[in-house]
Amino acid sequence: MSHSLWTTFDREFAQIQESLLQMGLMVDQAIALSLESLQNRDHALAKQVIDDDEEINAIRFKIEDACLALIATQQPAASDLRSVVAVITIVINMERMADHAAGIAKTVILMGDEPLLKPLIDIPRMVRLAQEMLGEVLQAFVDNDADTAQAIADRDDEMDHLYQAIFEELLEIMADKPDSIERATYLLWCAHNLERIGDRVTNIAERVIFVSTGDMRELNV
Amino acid sequence: MKLWVVFWCTMRQMVNQVQSPKMFIQELDFYYGSVRALSSISIGILERQVTALIGPSGCGKTTFLRCLNRMNDTIPNTRLEGKVYLDGEDIYHPSVDVVDLRQRIGMVFQKPNPFPQSVFDNVAFGPRVLGLTREREELDAIVERSLQRAALWEEVKDHLNTDAMELSLGEQQRLCIARVLAVEPEVILMDEPTSALDPIATMQIEGLMRDLSERYTIVVVTHNMQQAARVSDKTGLFWLGELVEFNDTAMIFTRPKEQRTEAYITGRVG
Ligand SMILES: Nc1ncnc2c1ncn2[C@@H]1O[C@H](COP(=O)(O)OP(=O)(O)OP(=O)(O)O)[C@@H](O)[C@H]1O
Ligand SMILES: [Mg+2]
């Protein structure tokens with residue numbers, strides 16, 4: 001018995017996977033640009049991130065549509081079925097990630113031209129981590145690799161620690177200098193958006209594990 | 001959740017767990033001459049459930065189904081080892097009356113096979129042969145009830161004397177089901193009952209199987225995996241004469257445990 005038969009399902013699913021990776025790149029770009037707009041206080045760039053979010057919403061619906069058509073026409077079962085349903089969950093989570101990137105961009109616009117409260121150190125770290133996690137989890141999905149997915153959930157702990165550190169630092173500054181509260185809050189919003197992005201990646205990692213093992217469980221509770 | 005709901009659900013679960021199977025097959029081997037067609041099949045068939053058997057052509061589904069009501073007895077040079085129990089009684093025990101057994105375990109075939117007689121006579125055939133009744137009124141009642149249960153009554157009630165061969169294929173298959181029901185079976189075996197039917201007739205038979213499972217125990221062999229997924233409570237996958245996996249249908253179609261099941265139901269068998 002061979003398992004190498006290339007079914008119609010495989011062919012169509014490969015295309016969906018390609019769109020999924022393309023959407024991943026768009027989300028990655030949105031996260032990167034939102035940081036750049038924050039670092040350079042670049043309102044035009046921030047606005048672009050907000051506008052591009054529409055495109056990401058559109059591709060999400062396109063992929064969901066393709067999944068529905070695939071279910072209706074090929075009636076997948078077992079791991080095929082789990083994969084298609086996973087794609088639907090993954091695109092929903094990625095779309096939300098892009099919303100968080102847009103959230104950072106909106107904050108940049110709200111900040112106006114006031115100088116930053118402090119140099120950005122941990123926020124760029126969170127951004128890098130978020131980008132790495134996103135790239136890895138999508139690769140794990142394509143490779144059907146539950147171990148890597150599990151490891152990604154551990155990296156979300158790193159994300160939570162960074163957020164916690166920023167939170168405490170900003171809290172101290174706010175207690176010290178009450179006139180800084182507004183600017184500190186803006187930075188906190190940015191960090192919070194990134195922390196949420198980490199949670200979204202963890203959701204995706206759970207799906208990858210489900211596809212590969214059939215185990216439905218929550219990581220990082 | 002309300003307490004009585006919890007209580008009721010728990011009770012139901014307990015009842016389900018202790019329910020002993022309607023049929024129990026133990027270490028069944030079957031040989032055509034020296035060729036072993038089934039090896040060591042063990043399976044419990046629960047009462048008032050639909051059990052679907054799937055698997056590639058030639059894997060032994062039909063052979064297995066025919067072991068359940070001793071239809072293979074008539075094929076010369078065959079041998080069966082292991083046990084088949086109906087309500088705890090060994091159906092291959094010498095004291096068992098085979099005619100009586102086949103009344104309790106009826107069979108519906110792939111191609112509708114009505115007799116070239118009237119609709120009425122087709123359904124009345126079993127009760128007459130078995131001498132279930134001598135009263136015309138009672139026979140009328142049996143025929144009507146059987147046709148009702150086979151979801152055919154409305155279509156034929158005004159032409160009970162029509163030749164059965166004039167019915168559509170889908171109607172003929174429901175007539176064959178009515179013919180089985182007329183002798184009040186407990187278990188109904190169906191071997192690819194819809195493979196000769198169009199999609200609408202197929203859907204009707206599938207709906208019928210679901211309805212009938214409220215009253216009867218059904219075992220159905222099908223090549224149509226979606227059909228197994230749609231109609232059955234339990235699914236078993238046969239492969240080269242072995243039962244590879246047997247589980248709740250929802251589990252088989254979403255999270256099968258065996259690689260061969262996965263390969264078969266995702267169509268990756270070469
Ligand atoms: N009467 C017979 N004499 C000899 N061999 C037989 C007989 N009937 C079936 N076989 C063999 O037993 C094996 C199982 O056949 P069976 O008909 O049970 O398979 P199946 O799963 O029902 O296949 P299909 O899906 O094609 O109906 C096959 O190898 C078949 O060739
Ligand atoms: Mg067969």
More than 12 heavy atoms of other residues, nucleotides or ligands under 6.0 Å from CD of A:Glu182: is that the case?
-> no

Give every residue pair that meets the salt bridge (Lys or Arg N to Asp or Glu O under 4.0 Å) criterion with at least one member in residues 49-68 of chain B, sequence neighbours excluded.
-> none

For residues 27-45 of chain B, which side-chain N or O atoms pair as donor and acceptor with protein atoms under 3.5 Å away, sequence neighbours left out?
{"from": "B:Asp29", "atom 1": "OD1", "to": "B:Ser40", "atom 2": "N", "distance (Å)": "2.5"}
{"from": "B:Tyr32", "atom 1": "OH", "to": "B:Thr63", "atom 2": "OG1", "distance (Å)": "2.8"}
{"from": "B:Ser42", "atom 1": "OG", "to": "B:Glu27", "atom 2": "N", "distance (Å)": "2.9"}

Under 3.5 Å, which donor-acceptor pairs link side chains of residues 222-234 of chain B to any protein atom two or more places apart or in another chain?
{"from": "B:Thr222", "atom 1": "OG1", "to": "B:Asn224", "atom 2": "N", "distance (Å)": "2.9"}
{"from": "B:Thr222", "atom 1": "OG1", "to": "B:Asn224", "atom 2": "O", "distance (Å)": "3.3"}
{"from": "B:Thr222", "atom 1": "OG1", "to": "B:Gln227", "atom 2": "OE1", "distance (Å)": "2.9"}
{"from": "B:His223", "atom 1": "ND1", "to": "B:Glu192", "atom 2": "OE1", "distance (Å)": "3.3"}
{"from": "B:Asn224", "atom 1": "OD1", "to": "B:Gln226", "atom 2": "N", "distance (Å)": "3.0"}
{"from": "B:Asn224", "atom 1": "OD1", "to": "B:Gln227", "atom 2": "N", "distance (Å)": "2.9"}
{"from": "B:Gln226", "atom 1": "NE2", "to": "A:Gln75", "atom 2": "O", "distance (Å)": "3.2"}
{"from": "B:Gln227", "atom 1": "OE1", "to": "B:Thr194", "atom 2": "OG1", "distance (Å)": "3.4"}
{"from": "B:Gln227", "atom 1": "NE2", "to": "B:Thr194", "atom 2": "OG1", "distance (Å)": "2.9"}
{"from": "B:Gln227", "atom 1": "NE2", "to": "B:Glu206", "atom 2": "OE2", "distance (Å)": "2.8"}
{"from": "B:Arg230", "atom 1": "NE", "to": "B:Glu206", "atom 2": "OE1", "distance (Å)": "2.6"}
{"from": "B:Arg230", "atom 1": "NH2", "to": "B:Glu206", "atom 2": "OE2", "distance (Å)": "2.9"}
{"from": "B:Ser232", "atom 1": "OG", "to": "B:Ala228", "atom 2": "O", "distance (Å)": "2.7"}
{"from": "B:Ser232", "atom 1": "OG", "to": "B:Lys234", "atom 2": "O", "distance (Å)": "3.4"}
{"from": "B:Ser232", "atom 1": "OG", "to": "B:Thr235", "atom 2": "OG1", "distance (Å)": "3.1"}
{"from": "B:Ser232", "atom 1": "OG", "to": "B:Thr249", "atom 2": "OG1", "distance (Å)": "2.7"}
{"from": "B:Asp233", "atom 1": "OD1", "to": "B:Arg210", "atom 2": "NH2", "distance (Å)": "3.4"}
{"from": "B:Asp233", "atom 1": "OD2", "to": "B:Val50", "atom 2": "N", "distance (Å)": "2.7"}
{"from": "B:Lys234", "atom 1": "NZ", "to": "B:Asp248", "atom 2": "OD1", "distance (Å)": "2.6"}

Heavy atoms of other groups near A:Glu158 CD, more than 12 under 6.0 Å | yes

When every non-hydrogen atom of B:Arg255 is compared with those of A:Gly214, the smallest separation belongs to CD-O, 3.0 Å

Enter the distance from B:Thr254:OG1 to A:Asp80:CG here, rounded to the nearest 0.5 Å.
-> 12.5 Å

Carefully, step by step, assess A:Asp10 and B:Arg268 under the rule salt bridge (charged side-chain N to carboxylate O under 4.0 Å, His left out).
-> CA-CA 10 Å; A:Asp10 291 331; B:Arg268 290 185 183 78; 2.3 Å; yes

What are the residues of residues 83-93 of chain A, in order of number, with any heavy atom under 4.5 angstrom from a heavy atom of chain B?
-> none

Is the count of non-hydrogen atoms from other residues, nucleotides or ligands lying under 6.0 Å from B:Ile75 atom CD1 greater than 12?
-> yes

If every non-hydrogen atom of B:Thr266 is compared with every non-hydrogen atom of A:Ala77, which pair is closest and at what distance?
-> CG2-O, 3.5 Å

Shortest non-hydrogen pair, B:Gly267 vs A:Thr7, comes out as O-CG2, 3.5 Å

